[in-house]
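Notes for the one structure printed next.
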Amino acid sequence: MEYKVYKNKIVMQNSSEFDIKHILECGQVFRYKVVESGYEVYALEHKARVYCQKDTTTIFCDDTTFFQKYFDFDTDYAKIKSELRDTEILENALELGSGIRILRQDPLEIIISFIISANNNIPRIKKSLERLCERYGVKKGEYYAFPTLQKLKKVPEAFFLEIGCGYRAPYLVKTIQMLSEKFIQSLYSMDIIEARKELIKLSGVGGKVADCILLFGYYRTNVFPCDTWIKKVYVQHFNGDCKLPAGKISEYFVSLYGNNAGFAQQYLYYYKRLKEKKKVKEIKNG
DNA sequence: CCCCAGGCGACTC
DNA sequence: GAGTCGCATGGG
């Protein structure tokens, strides 16, 4: 991918491997919002504004080094896509979500976000996280940083209830008490099986959430989070058994795509959600 | 009223 | 170990 880095911006031309809409709306990140003709995205204490006009994408930000890493600029997505283009459904998904990239996000932010995500819908997850940051994150001008672990340890269960976390509130409190910087760091170098086992020990973290944490928080791309949408993909496009548990479906896709499994999952998830949304709209409009 | 949302924990057997 | 079930909460 070709790009130029300036003092406070990164500029890309004809970037077929970078589409900010695809990146933000494929379910890996919740702290972003639509602004005039672009998006604003928040990561830890940083903020970026991304605009796309014709063939030019511009990332305005406070720290270009941070966001080059965050947007995964060192990975060759053209190569990954060529390796994944093996079936009709993948071909369609790769075309629809051609500009998807897996973000290098902060593990703590991802752990909290995906505990909240369980059996929840995206608008509500976004709202809960926004209110958590507003109350416990450091104010950075007109936005808020994600709370530090130290700050999170002071959040009472009642507050998580107040911001709409529902029955996940006690899970969050319990998990935050279990977390330490050392634990979070230790997972980077841990064997994937072991890391997954450690994450599942956390309250509110099962197999699916653990896979999301590994993929989005630790960039472990040889996992395949299986949720309700992916289940539909498996049944409808891979001739799968609808009674098969999520863990087995996940294993199936990892055996199929190996270190590209996480990427495949994002393309398929984005594809299925968009298609389903479109179908609902069509029904509504007659 | 129903069903669903990026599932998990507790409880069975 | 696999199979049920309840779960807060808001939207369609």
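In what follows, every chain begins at residue 1, and chains take the letters A, B, ... in the order their sequences are listed. Bear in mind the structure is a predicted one, so any value in this text is a computation, not a measurement.
C:dG11 sits 24 Å from B:dC8 when the P atoms are compared, rounded to a whole Å. Separating the C1' atom of C:dG3 from that of B:dA5 is a span of 22 Å, rounded to the nearest Å. Rounded to a whole angstrom, the distance from the P atom of C:dG10 to that of B:dG9 is 23 Å.
Going from atom CH2 of A:Trp229 over to atom C1' of B:dA5 covers 8 Å, rounded to whole Å. Rounded to an integer number of Å, the gap from CD1 of A:Ile230 to P of B:dA5 is 13 Å. Counting to the nearest Å, the C1' atom of C:dC7 and the CD atom of A:Glu157 are 14 Å from each other. If you measure from atom CG of A:Asn121 to atom P of C:dA8, you get 17 Å, rounded to the nearest angstrom. With rounding to whole Å, A:Tyr167 atom OH is found 9 Å from B:dA5 atom C1'. Going from atom CZ of A:Arg273 over to atom C1' of C:dG12 covers 14 Å, rounded to whole Å. Rounded to whole Å, atom C1' of C:dA8 lies 13 Å from atom CD1 of A:Ile116. At whole-Å resolution of the value, CG in A:Leu172 and C1' in C:dC7 are 14 Å apart.
For the residue pair A:Tyr42/A:Glu130, the side-chain donor-acceptor check at 3.5 Å is not satisfied. Looking at A:Asp72 and A:Tyr77, their side chains do bring a donor and an acceptor atom within 3.5 Å of each other.
A salt bridge links A:Glu17 and A:Lys81; the closest N-O separation between the charged side-chain nitrogens and carboxylate oxygens is under 4.0 Å.
At the heavy-atom level, A:Glu276 lies nowhere under 4.0 Å from the strands shown. When heavy atoms are screened at a 4.0 angstrom cut-off, A:Gln28 is found touching base atoms of the nucleic acid. Contact annotation for A:Ile115: no contact, since no heavy-atom pair falls under 4.0 Å across all strands. Among the atoms of the strands shown, only primed sugar atoms or phosphate atoms (P, OP1, OP2) are found under 4.0 Å from some heavy atom of A:Lys232. Using a 4.0 Å heavy-atom cutoff across all strands shown, A:Phe216 reaches at least one base atom of the nucleic acid.
For A:Arg168, the side-chain atoms get nearest to C:dA8 when compared with the rest of C:dA8, B:dC8, C:dG10.
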Residues A:Arg49, A:Glu40; criterion salt bridge (Lys or Arg N to Asp or Glu O under 4.0 Å); working and verdict:
CA-CA 4 Å; A:Arg49 266 175 189 263; A:Glu40 216 165 73; 2.9 Å; yes
Set out, in order, the CA-CA distance, both residues' side-chain angles and the distance that settles ring pair (Phe, Tyr, Trp, His ring centres under 6.0 Å) for A:Phe18 and A:Tyr3, then state yes or no.
CA-CA 11 Å; A:Phe18 188 112; A:Tyr3 59 93; 9.5 Å; no
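Summarising the local packing, CG of A:Asn239 is surrounded by 12 or fewer heavy atoms from other residues, nucleotides or ligands at distances under 6.0 Å. Taking a 6.0 Å sphere around CD of A:Glu134, one finds it holds more than 12 heavy atoms contributed by other residues, nucleotides or ligands.
In this structure, A:Tyr6 belongs to a hydrophobic cluster whose other members, linked by side-chain heavy atoms under 4.5 Å apart, are A:Val11.
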Would you tabulate the nitrogen or oxygen pairs shorter than 3.5 Å linking the protein to nucleotides 9-13 of chain B?
| from | atom 1 | to | atom 2 | distance (Å) |
| --- | --- | --- | --- | --- |
| B:dG9 | OP1 | A:Gly204 | N | 2.6 |
| B:dG9 | OP1 | A:Val205 | N | 3.4 |

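Both A:Pro245 and A:Asn120 lie close to DNA chain C; mapped to their nearest nucleotides by heavy-atom distance, the more 5′-ward contact belongs to A:Pro245.
OP1 and OP2 of C:dG10 both lie 4.0 Å or more from every side-chain N or O belonging to A:Lys126.
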